[in-house]
Amino acid sequence: MLLKGLLDDFPVLQRTINGKNLIYLDSAASSLKPSKVVDKVAEFYSYHYANVHRAVHTLASESTEMMENSRSNIAKLLNAESEEIVFTSGTTMSINFIVESFVRTGILKKNDAVLVTAVEHHANFVPWLRMSKLHGFSFKAVKPSGRFGELLIDDFAQFTGENPKILAITGHSNVTGQVINIKKIRELFPDTILIVDGAQLLPHNKVDVKDLNIDFLVFSAHKMLGPSGIGVLYGKKKLLEKMEPFLYGGEMIDKVTLEDVTFNVLPYKFEAGTPHIAGIVGFGVAVDYLNSIGFENISEHVSELTQYAIDKISKLDFVEIYGPLNEEHHAILSFNIDGVHPHDVAHMLDQEFGIAVRSGHHCAQPLMSILKDESKLSLFPNATCRASFYIYNTKDDIDILVDGIKFVKRWFS
Ligand code: PMP
């Protein structure tokens with residue numbers, strides 16, 4: 001089990017919800033924030049805040065230094081260069097940024113092929129789908145053929161002959177909890193521009209972009225103990241250099257005349273306007289905090305919880321779990337209780353047990369339709385309950401979840 005005393009870093013865990021101790025099992029939607037992050041953001045606003053990069057005064061240079069320290073912290077985490085780290089508002093913004101910039105730059109043209117998977121979050125699905133309709137490139141989705149939405153390597157193999165220009169894929173499904181083998185997929189598509197949605201992967205794993213030969217990696221701070229409204233777009237320098245900015249305005253320029261404009265160097269060319277400075281500073285502290293625990297320890301702890309939960313919940317014959325149920329299954333457990341709508345399950349777990357879980361389509365409607373087709377229980381209107389685990393969860397939390405699931409089933413029978 002994880003570090004003793006760690007739970008004290010998350011004051012919200014001392015709250016009671018409907019008379020019960022809070023059990024937070026919704027980290028896949030957004031994680032809790034440790035005091036270190038919250039305090040740093042407050043301290044930054046109270047004593048150091050000024051706009052960055054512009055002025056020569058002391059506060060501005062402190063602010064700039066703190067922001068840039070976060071950038072190099074994050075670069076180190078990915079084994080990347082600081083100039084390859086672009087701050088955005090989050091994963092969604094990062095992906096829209098890439099698609100739009102590719103189109104503007106001519107990297108993505110009519111008749112090019114874009115490949116995604118059917119398990120993607122809408123953030124890594126809708127931008128490609130929609131822009132393919134507007135700009136005439138082809139859009140295809142790899143369908144998962146494994147048990148309940150699990151992607152198998154063979155599912156990808158049939159697309160290698162199509163030579164996709166771009167492969168945009170999640171590193172960790174936010175519904176099935178499957179961790180995707182990016183290394184093997186990269187081997188199948190050595191020349192494709194590989195974009196990895198790391199929104200669920202990064203909170204649990206150190207990702208080495210060089211080792212995996214990832215061209216773009218996108219993720220959000222709020223799922224890994226950091227503030228909301230801030231995220232990262234990592235891009236290989238040689239690609240970022242070619243790309244047209246997504247946003248134009250202040251800070252991203254080198255020279256502007258009445259006739260023309262030249263752009264700033266990387267990464268500032270992509271950071272138009274005043275950034276979410278405090279969010280970036282807070283994100284840096286979150287990364288320090290995760291590093292101090294160690295990503296291997298985090299991953300091991302969460303794996304242990306996941307296997308424990310799978311073990312206990314799969315014994316309940318009125319529950320169906322969606323996902324691989326093997327060692328690839330990590331941190332996320334989507335399930336349904338026979339005959340009970342997932343919103344009712346989530347509501348009752350909250351009201352009676354103080355448990356926070358998510359219910360709904362999890363922004364993955366294409367995958368929900370697939371699960372519905374494969375489900376033995378009638379999956380209500382394409383929705384599941386989703387419990388997700390992180391560093392501050394314990395086996396006791398899962399025991400209470402199991403009690404809660406049994407209670408819900410009894411109540412609705
Ligand atoms: N991709 C995945 C796999 C996700 O789980 C999420 C968040 N649920 C996103 C993308 C979107 O992240 P954000 O809302 O932070 O932009």
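Every number for a ligand or one of its atoms is a count from 1 in the order of the listing. Predicted, not measured: the structure shown is a model, and the values here were computed from it.
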Nearest heavy atom to atom 6 (C) of ligand 1 wins, so pick from His222, Met93, His122, His121.
His121

Which bit of Thr91 gets closer than 4.0 Å to ligand 1, counting heavy atoms only: side chain, backbone, both or neither?
both

Checking a contact table here: which protein heavy atom is nearest [atom], and how many Å away?
atom: atom 8 (N) of ligand 1; result: Lys223 NZ, 2.8 Å
atom: atom 16 (O) of ligand 1; result: Thr92 OG1, 2.6 Å
atom: atom 10 (C) of ligand 1; result: Asp197 OD2, 3.4 Å

Side chains of Ser72 and Ser82 only: does a donor on one sit below 3.5 Å from an acceptor on the other?
no

State whether Tyr308 and Lys395 meet the cation-pi test: NZ (Lys) or CZ (Arg) under 6.0 Å from the six-membered ring centroid, and within 45° of the perpendicular axis.
yes

Could you check, using the six-membered ring where one of them is a Trp, whether [X] and [Y] have ring centers closer than 6.0 angstrom?
X: His330; Y: Phe389; value: no
X: Phe216; Y: Phe97; value: no
X: His361; Y: His122; value: yes

For ligand 1, which atoms, with element, lie under 4.0 Å from some heavy atom of Ser220?
12 (O), 13 (P), 15 (O), 16 (O)

Element-labelled atoms of ligand 1 that are located less than 4.0 Å from some non-hydrogen atom of Asn174
5 (O)

Can you confirm, on distance only, whether ligand 1 has an N/O atom lying under 3.5 Å from any N/O atom belonging to Gln200?
yes

Distance, nearest 0.5 Å, that separates CG of Asn69 from CD1 of Ile280:
12.0 Å

